[in-house]
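Since the structure is predicted, the reported quantities are computational estimates derived from the model, not experimental observations. Note that these values count all heavy atoms, side chains included, but never hydrogens, waters or copies made by symmetry. We count ligands from 1, going down the list as the structure has it; atoms in each ligand are counted the same way.
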Amino acid sequence: VRGVYAGVVLAYVNGELCAPEAARVSPFDRGYLFADGVYEALRVTMAGAGAGGDPRVVAPHRHVRRLARSLGALSIPWPAGEMLTVARQLIEGSRLSEALIYFQVTRGVPGLAGRAPQALRTHVPPAGLTPTVFAFIRPMPRLDTAELAPPTKRCATGADMRWLRCDIKSIALLGNVLASVQAAGAGAEEAILLRSTPLGRVASEGSLTNLAVVRADGVLMTPALESASILPGITREILLDNNTDLAEGVVTEADLRAAREVMLLGTTAAVTAVTHLDGAPVHDGGAGPITRRLHAGLMELVARAREDI
Ligand code: PDD
């Protein structure tokens, strides 16, 4: 595959690997016109593979299950397990060993022949569309090993203005983009979103991660899926399944601001320590002991190289 990113990025569109510059989809695709589609972001790593081992996707079956759920919510007919076949092709074709795979499925392009002009763009999708599948792989630094400190970020709070189905991993991310831009304008690296509810403002998640806090009373808690509209993140799920002291519940704005430790959870973030919130230091501006333990535990699970962590 040739192109300016040759050897660095490889793309995939509807069954074919291609250079990113050669990737083409129709602007009539409903993904482009309506954000009518879903996505996944997968980590590829050699951690735990040993000499002569192959790079692999972390927690592949959890990602397939979530993709199936998102596709189901939109009634887009596409076999989610195929994502791993495409991932394998991208890994082999790129020869990258530490990488991120972005993978999206949109509803497709309405066939225009013989249709009324308004069929070009109708909110109710015509039946029988063929989904458009687009993916790419790019390098990503290897996760730190368990001995090393977690990554860190400075965060700013922002209003969660998103819709009520953030459980769907939709490609419609304008609320996340606006919050991220606002946080960047305040000199922060990510936004932590606050959702107004009848019970007051509650923390929902990061603009690209899930959230967990060690409350002032020492309780380790991540917002429950039903406490605010959030994404059921794979990293959050792995940590919940492997840490009996991690509780799910309501994290109020007051809990967040008084927290001993604040952390962000995600495929790219792993367990990231929030060192500053709205300019004020959290845990004296460094990673706290529980954040370190969760991060080290996650690294160990990833390095175990089992498919079902
Ligand atoms: N972000 N919450 C939101 C809003 C996210 O966008 C993500 C992931 C997560 C964490 O989910 P997971 O553990 O499955 O990565 C939570 C991806 C990586 C992105 O859009 O870049």
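- With respect to atom 17 (C) of ligand 1, the closest heavy atom belonging to the protein is K169 NZ, 3.7 Å.
- The local environment of OH in Y102 is crowded, with over 12 non-hydrogen atoms from other residues, nucleotides or ligands closer than 6.0 Å.
- Checked by atom type and distance alone, the side chain of N210 pairs as donor or acceptor with a backbone atom of L231 at under 3.5 Å.
- Residues E261 and P289 have side chains in contact (heavy-atom distance under 4.5 Å, counting atoms from C-beta outward).
- A41 CB, 3.7 Å is the protein heavy atom nearest to atom 18 (C) of ligand 1.
- A donor-acceptor contact shorter than 3.5 Å links the side chain of R43 to the backbone of T267.
- Ligand 1 is never approached by E237 to a heavy-atom distance shorter than 4.0 Å.
- Counting heavy atoms under 4.0 Å from ligand 1, residue L265 touches it through the backbone alone.
- With M263 as the partner, the side-chain contact (heavy atoms from CB on, under 4.5 Å) test is satisfied by one option alone out of V282, V214, L211, L239: V214.
- Looking only at heavy atoms of the protein, atom 19 (C) of ligand 1 is closest to Y39 OH, 3.7 Å.
- In this structure, the side chain of E98 engages the main chain of M46 through a donor-acceptor pair within 3.5 Å.
- With hydrogens and angles disregarded, a donor-acceptor distance shorter than 3.5 Å links the side chain of E190 to the backbone of S207.
- The closest approach between E40 and ligand 1 stays at or above 4.0 Å for every heavy atom of the residue.
- Remark: distances from the non-hydrogen atoms of Y102 to ligand 1 are all 4.0 Å or more.
- Within 4.0 Å of atom 21 (O) of ligand 1, not a single protein heavy atom is present.
- Looking only at heavy atoms of the protein, atom 13 (O) of ligand 1 is closest to T235 OG1, 2.7 Å.
- Among L208, L211, L193, N176, the residue whose heavy atom lies closest to atom 7 (C) of ligand 1 is L208.
- Counting only heavy atoms of the protein, atom 16 (C) of ligand 1 lies nearest to T209 C, 3.2 Å.
- Contacts with ligand 1 closer than 4.0 Å are made by heavy atoms of both the backbone and the side chain of I234.
- Atom 15 (O) of ligand 1 has as its closest protein heavy atom T267 OG1, 2.5 Å.
- Between the side chain of D284 and the backbone N or O of G286, no donor-acceptor pair lies under 3.5 Å.
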